[in-house]
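Structure first, commentary second.
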Amino acid sequence: MPTITLPDGKTKSFDRPVTGLDVAQSIGAGLAKAALACKVDGETRDLSFVIANDARVALITLPKPGQPASEDALSLIRHSAAHVMAEAIQDVMGDDVLLAYGPPTDTGFFYDMFVPEGKRLSSERFDEINRRIAEIIKEDRPFTRYELPAEAGLSKLWNEENKYKIDNAERALGKPSSLYKGSKAGADASPAAAHSSAASLSFYATGAPGRNWEDLCRGPHVPSTGRIGAACVLSLASSYWHGDENSDRLTRVYGTAFPTQAELEAFLRQKEEAAKRDHRVIGRNLRLFHIDEDVGQGLILWTPRGSIVRKELQAFIGGELRKQGYTEVFTPHIGRLELYKTSGHFPYYKDSQFAPIIERQALEELSRSGCTCADMLNRVEGVSARLASGINERTGAQTIGPERVLPDDRLVEGFMLKPMNCPHHAKIFASAPHSYRDMPVRLAEFGTVYRWEQSGELNGMTRVRGFTQDDAHLFCTEDQVPGEVQGCLALVKIIFATLGMKEYRVRVGLRDPDSNKYTGSRENWDKAEAACIDAAKSLGVPFSKEPGEAAFYGPKIDFVVKDVIGREWQLGTVQVDYNMAIRFDLSYIGPDNKPHRPVVIHRAPFGSMERFCGVLIEHFAGAFPAWLSPEQVRVLPISEKSLDYGRAVLAALTQGGVRATLDEGNDRIQGKIKVAADLKVPYLLIVGPRDAEQGTVSLRVRGVEKDAGAMPLDAFVGAITSEIADRRADLGVRP
RNA sequence: GCCGCUGUAGCUCAGUGGUAGAGCGCACCCUUGGUAAGGGUGAGGCCGUGGGUUCAAUCCCCACCAGCGGCUCCA
């Protein structure tokens with residue numbers, strides 16, 4: 001006799017066990033029709049799930065037409081669509097394609113499967129698969145759940161000879177895997193681990209068990225295939241069983257599904273739109289940057305046009321920094337190895353750094369002495385007893401273990417390409433005594449750093465091996481931390497507002513309460529975390545607290561920006577650091593005339609110039625606001641007869657500080673417009689005999705289909721120079 | 001780093017076991033045209049690099065390099 005508590009707090013009593021569907025029907029026929037599944041005491045269940053005891057029940061429903069579906073609803077639809085796609089693929093490819101694991105993701109779903117030797121799943125089969133998916137959806141077959149006791153279920157799977165499903169089942173039952181022999185066995189990349197220990201195994205038939213396609217699955221699913229709406233297969237990739245590279249190689253088939261065909265089409269259009277905005281393509285077409293095989297992977301060559309964009313951004317941020325009392329510094333691209341041993345970055349991050357630079361003489365000497373490579377590595381990575389004891393004493397812990405300490409005459413010195421700027425900045429701070437009266441000391445630098453990113457990770461400008469951070473380190477007293485964090489966020493806010501990035505959110509990375517890996521006192525952490533949270537709150541944008549996401553040396557704030565087509569990009573960061581000042585033994589003299597430890601705030605609102613520009617290119621689709629445009633105005637003479645007037649117009653623009661060019665080619669005006677439009681030049685000035693006579697220019701604005709009309713040249717120059725000076729986001733000049 | 005796919009002119013891409021094509025771009029000529037490409041002529045390629053198979057390789061095989069899509073990683 002269950003009593004059901006609904007989300008609004010109302011209760012309903014039944015005189016017999018009921019299903020989720022019964023509950024929905026008792027509320028209304030419309031709700032029953034819209035329901036996909038239910039949540040019983042917080043657990044998502046099939047609509048056919050029988051509720052025998054008192055429970056809290058919420059229904060997961062399809063939205064009203066025109067409304068976006070909830071995450072729960074999408075995830076159900078997609079998980080179900082993964083089954084449908086798998087069935088379609090087996091229909092097309094044969095049953096010897098073995099299914100492994102098919103979960104929903106943020107934007108769709110995938111199914112990992114083993115494709116036998118000799119068969120190949122390629123995108124040429126997608127049409128065929130998609131047609132089959134559409135048929136299965138149209139057939140509107142019910143998802144039918146049935147359970148088998150552990151042994152019966154396992155023997156069924158053994159008969160089917162699919163080791164992946166057997167493995168999933170064993171994990172679901174909490175048994176050790178009898179088939180998966182990977183290095184990560186027991187660790188938990190495993191899909192089925194989410195099952196926790198069950199006593200039985202559940203299967204879902206898409207239709208009738210024994211007659212239609214079925215799959216081992218925990219569920220839940222939508223009531224029938226028709227409820228999926230629309231689904232399609234999207235792409236192929238490869239993956240490993242259990243994510244283990246030593247294990248079987250599987251084919252991962254990606255797809256997505258939506259409640260309606262219209263939403264699916266909108267999603268596909270958005271993907272196309274995103275592809276058109278690809279900064280790698282736009283970067284080439286607009287000649288913004290170049291990556292050259294001979295220079296190296298992940299190393300950006302900023303061409304003249306791209307350099308203008310970067311330079312403008314740097315000038316913009318530089319101006320804001322001056323207003324906030326920062327001072328600018330310059331530091332070299334390399335530093336002694338010992339510097340990074342002091343900071344703790346080497347050898348801790350040695351796998352993601354370029355190899356050290358060892359002097360030629362030292363190498364020759366090592367080679368003569370018969371030193372092996374392994375020996376050399378040890379000798380490069382080792383530290384002197386003096387350095388180790390100094391750091392261990394200051395940090396109050398065995399930060400550098402005895403295994404890394406080598407006698408001085410065994411150590412090999414060298415240099416490193418800097419992987420971050422903080423050690424250099426710490427040394428600048430340490431180079432002069434500081435009074436509490438001077439604090440905070442804010443050192444800013446567009447500092448170029450180098451990191452050995454894995455080759456498979458490299459991507460255009462967004463993931464590179466050499467990049468310039470808009471970096472700064474704020475050396476402050478503990479009391480100053482909240483105010484300085486606030487200042488950093490204010491800066492980010494100005495930047496985003498100027499660039500028209502209206503939507504962003506903030507993630508505040510906090511300590512993992514169950515870990516003691518963190519440096520610094522509890523009180524300091526409490527204060528710093530509170531400062532970060534307060535600062536995030538004050539921004540007036542959504543923020544989330546992420547326990548366990550702090551760096552070991554302090555809490556951090558990350559910015560996630562949404563671009564104009566809704567994609568999220570992680571950009572800048574603000575981090576509070578208690579560790580660096582200790583390792584570098586930094587101090588300032590307090591009012592008590594005693595030395596005190598400063599706290600260091602690391603911050604980079606853009607993150608890196610490369611990544612930020614890459615994101616901006618996609619955000620604007622290459623159509624930058626006038627102040628950022630490499631070429632702000634192009635003068636297009638109607639014919640050679642108007643060239644002289646064109647030159648005069650160009651001179652007036654250039655005198656006014658506008659980046660302008662003159663098209664001296666002998667194309668017709670239509671051709672000149674087409675070429676300039678393709679380059680996304682904001683303003684085109686068409687000049688012909690009429691304009692020459694009247695001292696006007698005929699304006700054409702990027703993105704506007706037709707001629708904007710004529711205006712006096714000096715009026716145009718005045719209008720555009722003020723638009724540029726104000727860094728206005730939109731093209732506002734009109735006659 | 002791992003897996004898959006790809007690599008032909010500056011760019012986008014056809015194509016073939018007998019050393020190669022288009023469009024755009026570029027150069028020159030004609031055209032002097034008022035708002036998203038007028039016309040012609042021409043230059044430009046060791047078909048990613050190195051091996052192998054073959055009488056013969058851009059094409060088939062292997063390795064490497066690079067790009068793309070993923071996986072894993074990101075101080």
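So that the names make sense, note that chain A is the first sequence line, chain B the second, and so on, each numbered from 1. Being a predicted model, the structure only gives us computed values, none of them experimental.
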message: Using every non-hydrogen atom in the two residues, find where A/Q297 and A/S455 come nearest and quote the distance to one decimal.
response: NE2-CB, 3.8 Å
field: Nearest atoms (heavy-atom pairs only) where A/E381 meets A/K341
entry: O-CE, 4.0 Å
query: Reckon A/Q570 touches a base, only the sugar-phosphate, or nothing at all at heavy-atom distances under 4.0 Å?
result: nothing
Nucleotide [N], atom [atom2] - distance to [atom1] of [X] in whole Å:
| X | N | atom1 | atom2 | value |
| --- | --- | --- | --- | --- |
| A/N459 | B/C71 | CG | C1' | 15 Å |
| A/D294 | B/G48 | CG | C1' | 11 Å |
| A/F110 | B/G69 | CZ | P | 18 Å |
| A/Q469 | B/C74 | CD | P | 17 Å |
| A/D558 | B/C74 | CG | P | 13 Å |
| A/D663 | B/G25 | CG | P | 12 Å |
| A/Q353 | B/C74 | CD | P | 14 Å |
| A/L250 | B/G69 | CG | P | 22 Å |

Which atoms of nucleotides 62-66 of chain B (N or O only) lie under 3.5 Å from a protein N or O atom, and what are those distances?
from  : atom 1 : to     : atom 2 : distance (Å)
B/A66 : OP1    : A/Q297 : OE1    : 2.9

What's the gap between [N] and [M] when it is taken at their [atom1] atoms, as a whole Å value?
| N | M | atom1 | result |
| --- | --- | --- | --- |
| B/G40 | B/G23 | P | 10 Å |
| B/G39 | B/U32 | P | 15 Å |
| B/C73 | B/G45 | C1' | 40 Å |
| B/G17 | B/A57 | P | 14 Å |
| B/G38 | B/C24 | P | 12 Å |
| B/U58 | B/G4 | C1' | 23 Å |
| B/G18 | B/C65 | C1' | 29 Å |
| B/C13 | B/G70 | C1' | 25 Å |

Without placing hydrogens or testing angles, list every side-chain donor-acceptor pair under 3.5 Å for residues 282-295 of chain A, not counting sequence neighbours.
from   : atom 1 : to     : atom 2 : distance (Å)
A/H290 : NE2    : A/D292 : OD2    : 3.0
A/D292 : OD1    : A/D294 : N      : 2.8

Is [Y] paired with [X] through a side-chain N to carboxylate O contact shorter than 4.0 Å?
| X | Y | result |
| --- | --- | --- |
| A/D678 | A/K674 | yes |
| A/R505 | A/E568 | yes |
| A/E529 | A/R511 | yes |
| A/R463 | A/E453 | yes |

- request: Whenever both distances are under 3.5 Å in a Watson-Crick or G-U wobble pair, mark it; put RNA chain B into dot-bracket that way, with [ ] for crossing pairs and | when the partner is on another strand.
  value: (((((((..((((....[..)))).(((((.......))))).....(((((..]....))))))))))))....
Donor-acceptor list for residues 636-648 of chain A side chains, cut-off 3.5 Å, not counting sequence neighbours:
from   : atom 1 : to     : atom 2 : distance (Å)
A/S639 : OG     : A/K641 : N      : 3.1
A/D644 : OD1    : A/R647 : NH1    : 3.1
A/Y645 : OH     : A/T696 : N      : 3.2
A/Y645 : OH     : A/T696 : O      : 2.7
A/R647 : NH2    : A/E664 : OE1    : 3.2

field: Evaluation steps, salt bridge (Lys or Arg N to Asp or Glu O under 4.0 Å), between A/D112 and A/R252
entry: CA-CA 4 Å; A/D112 283 349; A/R252 176 167 295 183; 2.7 Å; yes
- request: Check whether any side-chain nitrogen or oxygen of A/Y254 sits under 4.0 Å from OP1 or OP2 of B/C71, and answer yes or no.
  value: yes
message: Just N and O in the side chain of A/R451: are any of them under 4.0 Å from OP1 or OP2 of B/C74?
response: no
- prompt: Are a donor atom and an acceptor atom from the side chains of A/Q469 and A/S608 found within less than 3.5 Å of each other?
  reply: no
query: When you check the side-chain N and O atoms of A/E546 and A/S544, is any donor under 3.5 Å from an acceptor?
result: yes
- request: Let me know which of A/H424, A/H473, A/H425 forms a side-chain hydrogen bond (donor to acceptor under 3.5 Å, both in side chains) with A/E445.
  value: A/H425
query: With no angle test and no hydrogens, is the base of B/C74 tied to the side chain of A/R463 by a donor-acceptor pair under 3.5 Å?
result: yes
- prompt: What string of B, S and - do you get for nucleotides 31-41 of chain B 5' to 3' if you count protein non-hydrogen atoms under 4.0 Å?
  reply: BBBBBBBB---
message: Would you say the rings of A/Y254 and A/F110 are close, in the sense that their centroids are separated by under 6.0 Å?
response: yes
Protein and nucleotides 8-13 of chain B: nitrogen or oxygen contacts under 3.5 angstrom:
from  : atom 1 : to     : atom 2 : distance (Å)
B/U12 : OP1    : A/R284 : NH1    : 2.8

- request: Please confirm whether A/R78 makes a cation-pi placement over A/F109, using NZ or CZ under 6.0 Å from the six-membered ring centre and within 45° of the ring normal.
  value: no
- prompt: So which of A/V253, A/T107, A/L268 actually passes side-chain contact (heavy atoms from CB on, under 4.5 Å) with A/L234?
  reply: A/L268
